[in-house]
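Below is one structure, written out as structure tokens, with a few remarks after it.
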Amino acid sequence: MSLTIHGITASRAIRPLWVAAELGLTFEHVPTPYQGGATRTPAFLALNPNGHIPVVIDHRPEGEVVVWESMACALYLARHHGVADGASLTPATAREDAEALRWSLWTVNEVEKDALTVLMHRLAMPPDQRKPDLADVAERRLHVPLRVLEQHLAAQQARGEAHIAAERFTVADLCVASVLNWARPARELMAAHPRVNAWLGACMERPAYRALRGETHAD
């Protein structure tokens, strides 16, 4: 079997790329950008008619499996290319699988839109195009879901587990962290949720993620 992943790290494609890196998978990376028309060609639209990255193509003996939507791509790779051994990021129990599913969908529905607003209007956009008032409103809204995650992490820690679904880092952490990372420029928001802030910082320091982003640890 072999894999092809279309997308770039500076996009939602970071999610399946990060899973593949954590699992040590061999794959072909097609660095398809989301700008400039690359996702609107007939060839790409045949893979994803929505015209978005990422797209994962799993070349299996029984035939190709094409997956799009970044969370679906990440969860698919963890489930079908990882080992449910209780050591890797692949869920090893029904509970871990349920946590990965529910928190991944939760972060898309409850966090992603406002986190992206914070990123764009606090950091990513040119200063003269930023609208701080939009970021302010987004940060106020984010207090609600971050409070939910803060409480969940507290409950996890009380049962001796340091991560969202287990003691170890799993695809549940990867999916949620890949979204919440966008909100890190909201320093007061993060400071108000210390468990979330500490957990998120640890996730973003993982060697697989840093290698994807071309980062290295300082000596």
hydrophobic_cluster_shared for Tyr34 and Met120, side chain cutoff 4.5 Å: no

Partners passing side chain to side chain contact (heavy atoms under 4.5 Å, CB included) against His29 (at least two apart in sequence or in another chain): Leu17, Phe27, Pro31

Between CD on residue Glu112 and OG1 on residue Thr117, distance to nearest 0.5 Å: 10.5 Å

Non-hydrogen atoms of Pro16 and Leu77 that approach each other most closely: O-CD1, 3.6 Å

Any side-chain heavy-atom pair of Val179 and Val108 under 4.5 Å: no

Side-chain donor-acceptor distances from residues 64-75 under 3.5 Å, at least two apart:
residue : atom : partner : partner atom : Å
Glu64   : OE2  : His59   : ND1          : 3.1
Trp68   : NE1  : Leu47   : O            : 3.3
Ser70   : OG   : Arg15   : NH1          : 2.8

CA sep, side-chain torsions, deciding dist, call: Asp136, Arg122, side-chain contact (heavy atoms from CB on, under 4.5 Å): CA-CA 9 Å; Asp136 291 341; Arg122 293 285 191 230; 2.5 Å; yes

Salt bridge (charged side-chain N to carboxylate O under 4.0 Å, His left out) pairs, two or more places apart, involving residues 191-200: Glu150-Arg195

Under 3.5 Å side-chain donor-acceptor pair for His121 and Asp133: no

Set of residues satisfying side chain to side chain contact (heavy atoms under 4.5 Å, CB included) with respect to Asp85, sequence neighbours excluded: Val83, Ala87, Ser88

Verdict with reasoning, Leu174 to Val19, per side-chain contact (heavy atoms from CB on, under 4.5 Å): CA-CA 8 Å; Leu174 185 153; Val19 172; 3.7 Å; yes

Residues, nucleotides or ligands: over 12 heavy atoms within 6.0 Å of Glu188 CD: no

Main-chain N/O of Asn48 paired to His52 side chain as donor or acceptor, under 3.5 Å: no

Shared hydrophobic cluster, Ile8 / Val30 (ILVMFWY, side-chain heavy atoms < 4.5 Å): no

CG-CG distance between Leu3 and Asp58, expressed to the nearest 0.5 angstrom: 5.0 Å

Residue pair Thr90 / Leu23, side-chain heavy-atom distance below 4.5 Å: yes

Separation of Ser178 OG from Met204 CE (nearest 0.5 Å): 7.5 Å

Inter- and intrachain pairs under salt bridge (charged side-chain N to carboxylate O under 4.0 Å, His left out), touching residues 30-47, at least two apart: none

Side chain to side chain, Met190 and Leu200, heavy atoms closer than 4.5 Å: yes

Minimum-distance pair of heavy atoms, taken over all atoms of Met125 and Gln129: CE-O, 3.5 Å

Heavy-atom side-chain proximity of Trp106 to Val176 below 4.5 angstrom: yes

Val144 reachable from Leu142 in the ILVMFWY side-chain graph, under 4.5 Å edges: no

Spacing of His81 atom NE2 and Thr26 atom OG1 [to the nearest 0.5 Å]: 11.5 Å

Interatomic spacing from CH2 in Trp18 to CZ in Arg210 - rounded to 0.5 Å: 11.5 Å

Audit row: Leu153, His163, side-chain contact (heavy atoms from CB on, under 4.5 Å) steps and yes/no: CA-CA 7 Å; Leu153 290 173; His163 294 84; over 6 Å; no

Side-chain donor-acceptor pair present, Trp103, Glu99, cut-off under 3.5 Å: yes

Any donor-acceptor N/O pair, Thr107 side chain to Ser104 backbone, under 3.5 Å: no

Residues in salt bridge (Lys or Arg N to Asp or Glu O under 4.0 Å) contact with Arg79, at least two apart in sequence or another chain: Asp97

Closest non-hydrogen atom pair between Ala100 and Val171, with its separation: CB-CG1, 3.8 Å

Fellow cluster residues of Leu134, listed by chain then number, with links counted only when side-chain atoms sit under 4.5 Å apart: none

Distance-only criterion, 3.5 Å: show the donor-acceptor pairs between side-chain atoms of residues 180-187 and protein atoms not counting sequence neighbours.
residue : atom : partner : partner atom : Å
Asn181  : ND2  : Tyr209  : OH           : 3.4

Qualifying residues under side chain to side chain contact (heavy atoms under 4.5 Å, CB included), relative to Arg141, sequence neighbours excluded: Asp114, Val137

Test side chain to side chain contact (heavy atoms under 4.5 Å, CB included) applied to Thr39 - qualifying residues, sequence neighbours left out: Thr32, Phe44, Ile53

Residue pairs passing the salt bridge (charged side-chain N to carboxylate O under 4.0 Å, His left out) test where at least one lies in residues 153-173, sequence neighbours excluded: Arg95-Glu161, Glu96-Arg168, Arg159-Glu161

Salt bridge (Lys or Arg N to Asp or Glu O under 4.0 Å) against Arg130, all qualifying residues, sequence neighbours excluded: none

Verdict with supporting geometry, Leu189 and Leu146, side-chain contact (heavy atoms from CB on, under 4.5 Å): CA-CA 9 Å; Leu189 173 69; Leu146 262 66; 3.8 Å; yes

Same cluster (ILVMFWY, side-chain, under 4.5 Å), Val148 and Ile164: yes

